[in-house]
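To keep things clear, I will list the structure first and then write my remarks on it.
Model, not experiment: these values are computed from the prediction. Computed over heavy atoms, backbone and side chain alike; hydrogens, waters and symmetry mates excluded.
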Amino acid sequence: MAGARHYDDPCGVARALDLVGERWTLLVVRELLFGPKRFSDLVRGLPGMSQNVLSQRLRELGGAGLVERRRLGPPVSGQVYELTERGAALRPVVIELARWGSRVPTTSRTDLSADALALALLTTFDADGAEDVRITLRLGDDAFAASVSGGRLELVRGTAEHADAEVRTDAAGLRAVVFGGRALAEAVAAGDAEVAGDAEKAGRFLRRFPRPAAVGT
């Protein structure tokens, strides 16, 4: 990447960090793990990142062959950014990094972005005895299709076909239910969430994400 710092070290870790080790870079990748996004959506998901730095990181990732820009066809107009095949190969790396980091104590009061919350679901899912289910998680302007089959959770951007239920809330509201111990029925009664379809299945699904135990740094 032009202008980026390099380690001048032949180790594979160093060579990887030459491409994705700059500040904010892996968070941009995180926001694209579940599917393409418009620039404005990336801005919304990374509120602490300036638009100039975001543009720079996208150019760098594009130059490295990790991200590409694509124009949407009608009826939707505009451009989106998405991971290339090479960029998508970072998915297990980012997931394992998120799993490792989830046990580091945090004092941050910042809300998780919708994509960061989706990543947290992937890293904490308890597959033991999980029933097959299809759930649409609609978090404000974001939507994710969650599918459990054979104890495996898949999450992609969009809505689930033939969903058993759809949960409508925001990222903070879902986080409170999944990791904060709030019952889904309580959130619905308070007007903080809505459920269409099988609410019991939705509730059981959302209880399958144990909060990671913190470890010392």
Picking from Val104, Thr124, Thr123, what satisfies side chain to side chain contact (heavy atoms under 4.5 Å, CB included) with Pro212? Thr124
Residue pair Phe179 / Leu117, side-chain heavy-atom distance below 4.5 Å: yes
Can you list the steps and then say if Arg91 with Leu122 is a side chain to side chain contact (heavy atoms under 4.5 Å, CB included)? CA-CA 11 Å; Arg91 182 183 178 90; Leu122 278 183; 3.5 Å; yes
Nearest heavy-atom pair of Ala190 and Arg182: which atoms, and what distance? CB-NH2, 3.3 Å
Rounded to the nearest 0.5 Å, what separates atom CG in Leu174 from atom CZ in Phe209? 8.5 Å
Are Leu27 and Leu17 joined in one hydrophobic group, where the rule is that I, L, V, M, F, W and Y side chains link up if heavy atoms are under 4.5 Å apart? no
Quick one: closest heavy-atom pair of Thr84 and Gly65, and the distance? OG1-O, 2.6 Å
Can you check whether Asp128's main-chain N or O pairs, donor with acceptor, with Arg208's side chain at less than 3.5 Å? yes
Any donor-acceptor N/O pair, Arg138 side chain to Thr169 backbone, under 3.5 Å: no
Arg57 side, atom CZ; Thr25 side, atom OG1 - distance, nearest 0.5 Å: 4.5 Å
Point-to-point distance, once rounded to the nearest 0.5 Å, from CZ of Phe125 to CD of Glu154: 11.0 Å
Between Thr159 and Thr136, is there a donor-acceptor pair closer than 3.5 Å when you use the side chain of the first and the backbone of the second? no
Kindly determine whether Tyr81 and Val28 satisfy side chain to side chain contact (heavy atoms under 4.5 Å, CB included), including the steps that lead there. CA-CA 10 Å; Tyr81 293 88; Val28 175; over 6 Å; no
Check for me, please, whether Leu19 and Val94 land in the same ILVMFWY cluster - side-chain distances under 4.5 Å, paths through other members count. yes
Ion pair present between Asp115 and Lys37, side-chain N to carboxylate O less than 4.0 angstrom? yes
Listed pairs under 3.5 Å, donor-acceptor, residues 140-147 side chains, sequence neighbours left out:
unit_1, atom_1, unit_2, atom_2, d
Asp142, OD2, Arg44, NH1, 2.8

If you compare all heavy atoms of Glu82 against all heavy atoms of Pro36, which two are closest, and at what distance to 0.1 Å? CB-CB, 3.7 Å
Spacing of NZ belonging to Lys201 relative to CG belonging to Asp132, to within rounding of 0.5 Å: 8.5 Å
From CG (Leu54) to CZ (Arg59), nearest 0.5 Å: 9.5 Å
Are there more than 12 heavy atoms of other residues, nucleotides or ligands under 6.0 Å from atom CD of Glu200? no
Please report the interatomic distance OG(Ser55) to CE(Met49), rounded to the nearest 0.5 Å. 8.5 Å
Under a 4.0 Å threshold between the charged nitrogen and the carboxylate oxygen, would Arg207 count as salt-bridged to Asp126? no
Look at the side-chain heavy atoms of Ile, Leu, Val, Met, Phe, Trp and Tyr, link any pair under 4.5 Å apart, and say whether Val156 and Phe34 land in one connected group. no
Treating Ile, Leu, Val, Met, Phe, Trp and Tyr as nodes and any side-chain heavy-atom pair under 4.5 angstrom as an edge, say whether Leu83 and Ile95 lie in one connected cluster. yes
Would you say the side chain of Tyr7 lies within less than 4.5 Å of the side chain of Val13, judging by non-hydrogen atoms? no
Ser113 versus Glu31, side-chain donor and acceptor atoms under 3.5 Å: yes
Check for me, please, whether Leu119 and Val148 land in the same ILVMFWY cluster - side-chain distances under 4.5 Å, paths through other members count. yes
Would the number of heavy atoms belonging to other residues, nucleotides or ligands and lying under 6.0 Å from CZ of Arg134 be above 12? no
When you look at Leu32 and Leu42, which way does the side chain to side chain contact (heavy atoms under 4.5 Å, CB included) test go after all the steps? CA-CA 8 Å; Leu32 296 174; Leu42 288 168; 3.9 Å; yes
Ala193 and Leu184: which non-hydrogen atoms are nearest, and at how many Å? CB-CD1, 4.4 Å
Please confirm whether the backbone N or O of Arg15 pairs with a side-chain atom of Asp9, one donor and one acceptor, at under 3.5 Å? no
In short, Val80 meets Arg38 closest at the heavy-atom pair CG1-CG, 3.7 Å
In terms of heavy-atom contacts, Gly45 and Arg30 come closest through O-NH2, 3.7 Å
State plainly whether the residues Glu166 and Arg168 are in salt-bridge range, i.e. N to O under 4.0 Å. yes
Quick one: side-chain hydrogen bond (donor to acceptor under 3.5 Å, both in side chains) partners of Gln51, sequence neighbours excluded? none
Enclosure of Arg204 CZ (heavy-atom neighbours >12, cutoff 6.0 Å): yes
